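Following: one structure in structure tokens, then a few remarks.
Small disclaimer: the values here were computed from a predicted structure and weren't measured. The chains referred to below are lettered A, B, ... by the order of the sequence lines, with proteins before strands, and numbering in each begins at 1.
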Protein chains: 4
Amino acid sequence: VTEAAVSDPVPSWSGVPYLTASELEHLYSVEEFEPLAKERMTPTAYGFIAGWAGSGATTQANRAAFWRHVLLPRVLVNVETIDPVTTVLGNPISLPVMFAPSGYQRLAHPHGEMATARASVEVGTTMILSTSANTSIEDIGAVARNPWYQLYWLTDEELNREMVQRAESAGFRAIALTVDATAPLWRENEMRNPAEIPPGVLSVNTYDRAVKIAPNLTWKTLDRLRSWTKMAIVLKGVVTAEDARIAVDNGVEGLIVSNHGGRALDWAITSMDALPEVVEAVDGRLEVYMDGGVRRGTDVLKALALGARAVLIGRPVLWGIGTGGEAGIVRMMALIRGELTSVMGLCGAPTVAQISRDMVARRQDVVA
Amino acid sequence: VTEAAVSDPVPSWSGVPYLTASELEHLYSVEEFEPLAKERMTPTAYGFIAGWAGSGATTQANRAAFWRHVLLPRVLVNVETIDPVTTVLGNPISLPVMFAPSGYQRLAHPHGEMATARASVEVGTTMILSTSANTSIEDIGAVARNPWYQLYWLTDEELNREMVQRAESAGFRAIALTVDATAPLWRENEMRNPAEIPPGVLSVNTYDRAVKIAPNLTWKTLDRLRSWTKMAIVLKGVVTAEDARIAVDNGVEGLIVSNHGGRALDWAITSMDALPEVVEAVDGRLEVYMDGGVRRGTDVLKALALGARAVLIGRPVLWGIGTGGEAGIVRMMALIRGELTSVMGLCGAPTVAQISRDMVARRQDVVA
Amino acid sequence: VTEAAVSDPVPSWSGVPYLTASELEHLYSVEEFEPLAKERMTPTAYGFIAGWAGSGATTQANRAAFWRHVLLPRVLVNVETIDPVTTVLGNPISLPVMFAPSGYQRLAHPHGEMATARASVEVGTTMILSTSANTSIEDIGAVARNPWYQLYWLTDEELNREMVQRAESAGFRAIALTVDATAPLWRENEMRNPAEIPPGVLSVNTYDRAVKIAPNLTWKTLDRLRSWTKMAIVLKGVVTAEDARIAVDNGVEGLIVSNHGGRALDWAITSMDALPEVVEAVDGRLEVYMDGGVRRGTDVLKALALGARAVLIGRPVLWGIGTGGEAGIVRMMALIRGELTSVMGLCGAPTVAQISRDMVARRQDVVA
Amino acid sequence: VTEAAVSDPVPSWSGVPYLTASELEHLYSVEEFEPLAKERMTPTAYGFIAGWAGSGATTQANRAAFWRHVLLPRVLVNVETIDPVTTVLGNPISLPVMFAPSGYQRLAHPHGEMATARASVEVGTTMILSTSANTSIEDIGAVARNPWYQLYWLTDEELNREMVQRAESAGFRAIALTVDATAPLWRENEMRNPAEIPPGVLSVNTYDRAVKIAPNLTWKTLDRLRSWTKMAIVLKGVVTAEDARIAVDNGVEGLIVSNHGGRALDWAITSMDALPEVVEAVDGRLEVYMDGGVRRGTDVLKALALGARAVLIGRPVLWGIGTGGEAGIVRMMALIRGELTSVMGLCGAPTVAQISRDMVARRQDVVA
């Protein structure tokens with residue numbers, strides 16, 4: 001898919017037409033997108049995207065963790081101008097919500113990552129391209145603004161190096177190295193119903209090579225990665241203070257507190273529960289992001305109050321694209337932005353810098 | 001609607017007749033009113049009144065917060081005379097339950113605020129008139145006893161001043177300045193189904209002016225308000241100890257611990273959870289009220305035990321008026337009074353002054 | 001109903017035959033009795049017996065409180081002989097489960113309190129006769145072994161004195177003075193559906209007098225009661241350490257930690273939650289009993305582990321009598337005794353004296 | 001059933017054919033086995049195997065206790081080789097999951113314990129043979145590798161001695177003395193629907209003797225047991241630190257933290273809640289195992305992180321055998337091994353020794 005072609009209408013995988021821009025205007029919450037996207041993809045594609053590891057406990061818990069946090073608004077603050085703009089790794093984003101890496105986006109919509117990239121520019125945020133993308137590093141680099149590249153460290157070391165250097169050449173700003181999925185995963189649903197990959201939907205940046213995630217990735221491997229690139233290195237999947245401190249000692253630029261959306265380790269601690277101690281451990285020496293279960297503007301505010309610099313959303317991007325392509329993501333993000341702006345104002349934090357730790361409490365902290 | 005006209009029977013918005021006084025006698029709990037009122041108004045009016053911000057979490061949590069509090073009754077106290085009479089801002093009310101401000105009461109019943117005002121007199125409590133009322137300040141002032149005026153600080157500063165001074169002239173006792181809704185709200189239901197306002201149902205005290213809530217209301221603005229009136233100033237929507245202390249320092253006379261019934265900030269701390277620390281912070285230097293989720297006599301007792309001088313009820317007034325007009329509110333209040341009187345006696349607190357902090361415990365305080 | 005007549009078969013209120021002794025043998029848990037009893041009484045009688053105050057929260061919470069307590073068994077204790085025998089006020093009972101007072105037992109079964117009294121003898125436990133009984137003090141005194149008399153302090157002081165002295169003459173051992181219901185109760189269900197009392201079902205010990213519960217009962221009143229009788233005085237309805245200490249100072253012989261089965265104060269603390277601090281406050285200076293939600297042998301063990309000398313059961317007695325008269329209670333108690341005996345043995349406490357505080361823990365005490 | 005005969009196909013008790021090895025390959029989680037096994041046995045056999053004491057609270061809580069524990073994975077550990085091998089009492093097992101003793105396994109499948117023994121060898125783990133087995137001690141000893149013998153201490157002391165010495169002669173490695181069921185049990189379901197034992201299904205190691213569990217088993221009895229054998233002695237059913245310390249003082253070699261799968265004491269503390277304090281009390285002086293509710297690889301990892309050396313599974317073995325005989329158990333164990341291997345790798349613990357206490361947290365420990 002080239003950039004130009006993305007503008008053309010395209011039939012969905014199921015034949016059900018995608019929503020038009022004006023139809024998208026009648027959606028008012030992120031959760032409305034999922035069933036609409038489901039109708040427009042194949043059952044196994046939906047199963048793959050919605051899926052999880054083991055019993056699904058981590059995925060459910062990620063969402064529920066937000067429900068255990070409440071907001072304590074401050075009043076009588078001037079909120080004439082409310083703007084969620086911020087920066088990540090020094091680059092501006094129009095709101096603290098980035099696009100998480102997810103592979104095989106053409107399963108969600110034929111335009112795949114290209115539509116996502118265009119939407120990221122329209123929205124003004126950072127897209128993280130997956131190692132398993134169906135679109136080339138160079139095509140995304142030509143469109144996206146300050147994108148990051150998610151790296152699965154593969155057993156083919158030369159391929160790792162190639163991907164990193166292609167990303168740097170294409171204008172990517174950071175490598176998001178996934179560290180929470182180096183062992184074999186246990187996904188019962190996928191064992192029962194393996195995803196069917198349509199002809200032509202390829203992991204284009206790796207497909208002509210034997211691809212296997214390397215199980216021997218360690219802290220020492222980071223030195224090798226560092227030697228290949230000047231891009232920032234961000235570790236995706238750190239949830240303990242201990243590992244966060246080691247990351248600081250290794251000169252990493254950022255951490256994504258994440259449990260892989262519940263797709264890797266079943267019964268993992270939720271990102272919201274892990275976030276505070278990671279933030280405390282790094283003590284401002286690097287940037288901390290989080291993902292897992294973010295669906296509303298209030299979720300974003302809660303995560304930022306706990307110390308995240310920004311959050312990532314994964315499945316919502318795919319529900320957006322699967323409902324209406326690029327325009328679907330743009331609408332989905334407009335809703336998150338709209339609610340985030342509202343609640344920042346209502347909490348007395350018209351800028352991201354004014355969001356403070358005491359604006360959020362866990363329910364069990366709230367004691368008479 | 002003039003006062004006289006309120007006595008006349010009137011058809012409901014839906015055509016379903018309002019309950020008569022004798023039919024109302026067969027209602028025994030506040031929660032029975034809501035479905036009856038719903039049948040008698042338009043769907044969008046019901047949606048507007050019952051509605052909430054975002055996911056509705058705050059509204060639900062307000063109610064659930066009462067369920068986390070239990071009562072510890074004292075025994076062998078003489079309860080021959082049980083009387084919940086008290087005062088607010090020095091003015092007597094027959095029970096510690098005031099009528100919260102809510103706009104557009106004619107959507108609930110054609111007699112609107114006038115029926116509410118008459119009911120407040122019959123019940124012997126204080127009514128707070130909304131900035132968005134469908135009845136004039138002067139008409140209410142002529143009927144209600146010691147009413148308060150709820151003020152949305154508008155961008156039209158002259159209009160603010162006019163409303164305040166009209167209220168003072170009409171005999172209002174306090175300005176309840178809403179401080180928890182100065183940013184744009186995010187109400188998905190209203191975006192989906194905007195409330196239809198019938199012809200002639202007007203925000204009569206503001207309608208001929210460009211009306212917009214001012215986003216730049218701050219603590220400094222209070223000085224201007226203070227300079228316009230000798231009425232007490234009460235801030236509605238404070239939920240933190242920090243803001244409570246600033247309010248004391250600013251010479252405010254009262255605070256309403258409130259999250260706007262869940263209609264402003266989604267996932268806000270509940271009023272019951274916020275109440276104790278606000279009460280502790282003000283340490284008796286001003287009066288503290290609360291609203292949000294009060295539906296039963298036990299709720300009132302719990303809130304008073306945590307330090308509230310009185311509570312406010314909002315939607316129940318509209319369900320009362322929507323079920324049977326003035327008589328509907330009177331019946332609804334008789335039920336709250338009946339249960340409150342019973343439970344004050346059963347707790348060994350026949351007067352409001354005898355309700356003490358140790359009569360209420362959060363479940364998690366209750367440990368063997 | 002005379003004692004002799006109790007042996008005769010009798011038709012139930014609804015006409016559905018009572019279970020025979022052999023049919024009762026097929027019941028294996030207390031909870032099976034309630035629906036069977038319901039079928040055999042009138043709807044309003046069932047409503048009265050099953051009913052509660054306000055929202056019913058206290059009644060539900062009483063039961064749920066047991067679910068928050070777990071047992072920690074000790075092993076390798078000799079349990080050849082397991083016997084739950086104990087004493088209350090110095091009199092032996094074959095197991096630590098007494099029959100709570102409940103009025104109008106003829107609504108549950110035409111033999112009413114007389115069947116209960118006979119069952120109490122057969123089971124070997126203490127029955128507490130209600131002020132609102134349908135059977136005379138003397139008739140029960142002639143049958144029951146060491147019964148107690150529950151006293152509602154009425155406004156007719158002479159009647160109070162008569163009841164006390166009749167009870168003492170009839171061989172009763174204690175006055176259980178109800179202290180948690182001196183104010184008007186708020187029972188919505190009864191307001192909606194008042195219990196219909198069949199002709200001839202009378203509160204025979206009070207019916208020819210103007211009967212009203214005295215709202216001015218206080219600690220001082222106890223002196224008057226004490227001056228009338230040598231029977232022990234037990235207060236029913238104490239749930240705080242403060243009142244427990246005052247009771248000790250007033251020379252009371254026993255306390256029943258109780259919230260009236262949820263029939264008086266809605267949202268009251270549960271008996272299981274109140275029990276530990278009452279036990280600690282009295283520090284062995286009087287006997288502490290409890291009621292509220294006991295349905296199983298494990299419940300009895302939990303309450304005793306928290307310091308109760310015995311428990312009372314109320315509604316289960318009425319479900320027993322309502323299912324099969326005297327034999328119904330006997331079967332119901334056989335089930336409680338059977339399970340209690342089992343779990344005492346399994347916990348390593350073959351006698352009541354060996355049941356210890358560390359055999360029970362609240363779930364939140366159980367931390368890794 | 002001789003070993004040879006186990007290889008032959010056999011009709012199930014219900015006539016529904018057992019799954020073939022290739023059909024078993026389509027099962028992907030342990031919980032899928034139970035309904036399949038249920039279809040293949042008699043209703044009362046299913047009731048007996050699935051059953052519990054009292055209300056069933058312990059059985060439910062065992063499972064739910066795992067849901068209150070979350071995993072905190074460490075990252076960037078080399079997980080090229082993940083192997084859950086370990087030892088119990090010095091003997092190697094290929095993964096830390098043993099087969100709990102359960103009687104009358106021929107109710108689940110005609111091959112009974114012989115199929116289980118063969119599966120244990122194929123899987124490479126330890127089987128614990130029940131006192132109530134349908135297969136002789138010697139037949140199992142000839143097949144199983146390092147099996148243990150579960151002993152109910154019976155009133156026939158000579159029989160106890162015979163069983164112990166037969167087990168030792170047959171190559172068993174330990175006596176697992178059950179200490180949590182010496183008093184009569186209270187199983188309502190079995191009272192209602194007693195298990196029907198088909199002709200020929202006998203407790204072959206005890207059937208020709210009067211069999212009754214001895215209620216007078218105490219710590220002193222252990223000396224007698226010790227005098228009969230050199231096998232290790234493991235106590236099954238210890239849940240308190242106090243008893244654990246006494247066990248250490250008595251020279252016991254191992255403890256199984258267990259509540260008998262909820263089949264003995266209703267409302268018992270869960271094994272997961274009891275485990276940490278038992279582990280702390282023994283302080284490495286003997287081996288601690290646990291059972292109760294283990295169904296997934298994550299459960300195993302959580303229990304080991306809390307200090308268990310291995311876990312036991314009971315009902316899952318019977319669901320396995322009841323679904324497909326020996327092959328059913330093998331498939332069931334392959335799933336547990338598969339998930340355990342995955343989550344050990346994902347947690348950064350490729351060997352059992354690397355599983356550490358800080359990899360698991362109770363949800364309420366997880367505080368911001």
Show the nearest heavy-atom pair for residues [X] and [Y], with the distance to one decimal.
X	Y	result
A/Asn259	A/Ile269	ND2-O, 3.0 Å
A/Val75	B/Trp219	O-NE1, 3.8 Å
A/Met344	A/Asp83	CE-O, 4.0 Å

What I want to check is whether the side chains of [X] and [Y] have a donor and an acceptor closer together than 3.5 Å.
X	Y	value
A/Ser258	A/Asp291	yes
A/Ser94	A/Arg337	yes
B/Thr178	B/Gln150	yes

What option among A/Gly297, A/Pro73, A/Gly348, A/Gly345 has the most heavy-atom pairs under 4.5 Å with chain B?
A/Pro73
Option that, when pairs with chain B are counted at under 4.5 Å, heavy atom only, ranks first among A/Ile82, A/Leu301, A/Val343, A/Leu335:
A/Leu335
Between [X] (side chain only) and [Y] (backbone N and O only), is there a donor and an acceptor less than 3.5 Å apart?
X	Y	answer
A/Thr270	A/Ala65	no
A/Ser120	A/Thr126	no
A/Arg363	A/Arg68	no
B/Thr221	B/Thr218	yes
A/Lys302	A/Phe66	yes

Residue A/Arg296 versus chain B: region with a heavy atom under 4.5 Å:
side chain
Under 4.5 Å from any heavy atom of chain B, what part of A/Val77 do you find: side chain, backbone, both or neither?
backbone
Given a strict heavy-atom distance threshold of 4.5 Å, which part of [X] is in contact with chain A: side chain, backbone, both, or neither?
X	result
B/Leu275	neither
B/Ala214	neither
B/Glu280	neither

Which residue out of B/Asp243, B/Val179, B/Asn189 racks up the most heavy-atom pairs below 4.5 Å with chain A?
B/Asp243
Please determine, among B/Leu185, B/Ile246, B/Val238, the option with the most heavy-atom pairs under 4.5 Å with chain A.
B/Leu185
is_close_aromatic(B/Trp228, B/Trp153), centroid dist under 6.0 Å:
yes
Among B/Arg285, B/Arg226, B/Arg309, whose salt bridge (Lys or Arg N to Asp or Glu O under 4.0 Å) with B/Glu253 holds?
B/Arg226
Is any residue of residues 23-38 of chain A within less than 4.5 Å of chain B by heavy atoms, and which ones?
A/Tyr28, A/Ser29, A/Glu32
Tabulate, in ascending numerical order, the residues of residues 47-58 of chain B having at least one heavy atom closer than 4.5 Å to a heavy atom of chain A, or enter 'none'.
B/Gly54, B/Ser55
Test side-chain contact (heavy atoms from CB on, under 4.5 Å) applied to A/Val79 and A/Cys347, A/Ser342, A/Pro350, the passing residue
A/Pro350
